[in-house]
Amino acid sequence: MMEDKLKKLSTSMDQEISKEKVFTKMDEQHILSRIKQDTKVPTNQPISFIPKLLTAALFLGIIFSSYLFFDNEWISKPNVFIKKETPVSPMLTYKISGEGSVRYSPYLDKGQLNIKLLIKNETSAKLKEPLSYRITFLNEKLVNAVGTKTFLVEPKNLPPLGPNERESITKQFVLTGEVVKEDLINAIQVDTISGTKALNTFVIDAIEIDAQITDKEVAEEKKEEPTQEKEISVGEAKQIFNQNLADLKDTFIKSGEKNNWGVDNPAIYEVAGPDFEPYVTENFSTNVLKKLLPIYYCQCDIGYLPRINQEVRFIVNSFNKNTIEISGIEPASDMKNIGYKWNFRLVKVDNKWKMDRWEETSLEGIDLNLTKDEARKLLTTESQNATFLKEVRLKGTTNYVFSVIGEEYESIVAISSSDTTLTHDYEVLKKE
C-alpha cells in the first residue's frame with residue numbers, strides 16, 4: 001500500500017512540476033528501502049502514526065526544495081537553462097527649453113505684434129530634424145486682431161540643433177484691431193515641435209507695449225531718415241533705358257494728337273517742349289529735341305527715333321546710382337538700308353531718370369564682324385522669322401543668307417556681317 005501511495009505521489013509531482021519525471025527508478029527504490037527499514041515493527045502491533053508523519057514531512061521537504069531549485073537554476077532536463085531577461089534601455093528623449101517675449105507697437109486703430117523666441121537643446125545629442133513652432137493665441141480679442149487662432153512657424157535654412165545649442169526665432173504679425181496689455185497677458189502659447197511631436201510648451205509672459213504712434217510722428221520720422229541711394233544692376237540699367245525711350249515715343253504720339261502736328265503743321269518746340277520735361281534734361285531738350293520736333297511729324301517712312309535691337313551688342317558701358325551709359329545697334333532696314341550705332345546717356349535729376357544725350361553713328365565702313373547667330377537675331381522680329389541657308393562672299397564681305405518669312409510675305413535675303421546692309425538679289429551681285 002505504501003508503494004502505491006509513493007507512485008501516485010511521484011506521478012502527481014511529475015504532472016505539476018515538469019513534463020519530465022522528478023524521481024528516477026533508482027530514487028524511488030532508495031526511498032522505499034529507507035521507509036521499509038524505518039517502519040519495521042512487530043506484526044502483532046499496529047503501525048505507529050509517527051513514521052507516517054515523518055514520511056509526509058520528508059516528501060514535503062523534497063517538493064519544496066525541488067520547486068526552489070527549478071525556479072532558480074534549471075529544469076530537470078540537463079543543459080537547459082532559463083534565459084534571464086535583459087532590461088531594455090529607455091529611448092532617448094530630447095529635452096528642449098524655451099522662452100519668449102512679445103512687443104506690441106500700436107499705430108492708430110492697428111498695431112504690430114513682434115514675437116521673439118529663444119530655444120535651447122538641453123540634451124547631449126543632436127536633434128534629428130529642424131524644429132518648428134506653433135503659436136496659439138488664447139485670447140479671443142487677440143485672435144480676432146491677428147486673424148487666426150494658430151500659426152505655424154517653420155524657419156528656413158536652419159539646421160537641427162546640436163547639443164546645448166540655441167536658436168532665436170522672430171515672427172511679426174500686423175493686427176487689424178486694437179489690443180491692450182491685458183489682452184496679451186498669458187495669451188500666447190508656443191509649442192516646440194519636432195516632426196509631429198511637441199517637445200516643449202510654454203506661455204509667453206514677457207510683454208512690452210510701445211507708446212502709440214500718430215500719423216504726424218510717422219511722417220516726421222520718415223522725413224528725418226536719410227534717403228539711401230541704392231546701386232543699380234546691369235539689368236536695371238537696361239530697364240530704365242527702355243522705359244525712358246518708351247515714354248519719349250508715347251509723348252511724341254500724344255503731343256501730335258493733342259496739337260494736330262503734321263506736314264502742314266510742323267511741331268513748335270515752345271508748345272510741345274514742356275510735354276517732354278518729365279523725361280529729358282534741359283541739355284537734351286535744347287540740343288536734340290529742339291531740332292527733332294519740327295521734322296518728326298513729316299509722315300514719311302524714315303523714323304527719327306532709335307530702334308535698338310535688345311539681343312545684339314546692347315551694352316551697358318558704365319552705370320552708377322546717378323548716371324547710365326548705354327550703346328546699341330539699329331540694324332539696316334528696307335527703308336533705310338544702312339545700320340547705325342547709338343550711344344545714350346541718362347542721368348538722375350530729382351530722383352528721376354532722364355535722357356541727357358543721344359547720338360547715332362553710321363556703320364558704313366565699320367566692320368562689326370557679326371556672327372551667324374547675331375545676324376539671325378537682327379532679322380528676327382515679332383512679325384517675322386529667319387532661317388539660315390548659307391554663307392556667301394559679296395564684294396569681299398561675308399554675308400549670311402536667310403529665308404525670311406512674315407505673315408504675308410516670304411523672301412531670301414543676305415545680311416552683311418560688317419554693317420548689316422541687306423541684299424535681296426545677292427545671286428546677281430555674286431556674279432558681278
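Keep in mind that what you see is a predicted model, and the values were worked out from it rather than measured. Scope of the values below: all heavy atoms of this structure, side chains included, with no hydrogens, waters or symmetry mates.
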Subject >> Between Asp373 and Thr371: side-chain donor-acceptor atoms closer than 3.5 Å >> reply: no

Subject >> Counterpart residues, salt bridge (charged side-chain N to carboxylate O under 4.0 Å, His left out), relative to Glu359 (two or more places apart) >> reply: Arg357

Determine all donor-acceptor pairs shorter than 3.5 Å in which one atom belongs to a side chain in residues 139-151; sequence neighbours excluded.
residue: Asn139; atom: OD1; partner: Lys141; partner atom: N; Å: 2.8
residue: Asn139; atom: OD1; partner: Leu142; partner atom: N; Å: 3.1
residue: Lys141; atom: NZ; partner: Asp183; partner atom: OD2; Å: 3.4
residue: Asn144; atom: ND2; partner: Glu140; partner atom: O; Å: 3.3
residue: Thr148; atom: OG1; partner: Thr150; partner atom: O; Å: 2.8
residue: Lys149; atom: NZ; partner: Phe137; partner atom: O; Å: 3.1

**OP:** Return the set of residues passing salt bridge (charged side-chain N to carboxylate O under 4.0 Å, His left out) with Lys249 (not counting sequence neighbours), or none when no residue passes.
**Re:** none

Original post:
Are more than 12 heavy atoms from other residues, nucleotides or ligands located less than 6.0 Å from atom CD of Glu364?
Top reply: no

Original post:
With side chains defined as the heavy atoms from C-beta onward, is the minimum distance between Ile207 and Tyr104 less than 4.5 Å?
Top reply: no

Original post:
Can you tell me if Thr251 and Asp275 form a side-chain donor-acceptor pair at under 3.5 Å?
Top reply: no

Subject >> Parallel, tilted or perpendicular: ring planes of Trp358 versus Phe284, cut at 30 and 60 degrees >> reply: perpendicular

Original post:
Can you list every pair that meets side-chain hydrogen bond (donor to acceptor under 3.5 Å, both in side chains) and has a residue in residues 309-319, with sequence neighbours left out?
Top reply: Asn242-Gln310, Arg313-Glu374, Asn317-Ser327

Original post:
Is the backbone of Glu330 close enough, under 3.5 Å, to the side chain of Trp342 for a donor and an acceptor to pair up by distance?
Top reply: no

Original post:
Asp205: what forms a salt bridge (charged side-chain N to carboxylate O under 4.0 Å, His left out) with it, not counting sequence neighbours?
Top reply: none

Subject >> Heavy-atom donor-acceptor pair, Asn121 side chain to Ala125 backbone, under 3.5 Å >> reply: yes

Anything under 3.5 Å between a donor and an acceptor, one on a side chain of residues 262-270, the other on a protein residue two or more places apart or in another chain? List them.
residue: Asn265; atom: ND2; partner: Asn259; partner atom: O; Å: 3.2
residue: Asn265; atom: ND2; partner: Asn260; partner atom: O; Å: 2.9
residue: Tyr269; atom: OH; partner: Ser285; partner atom: OG; Å: 2.6

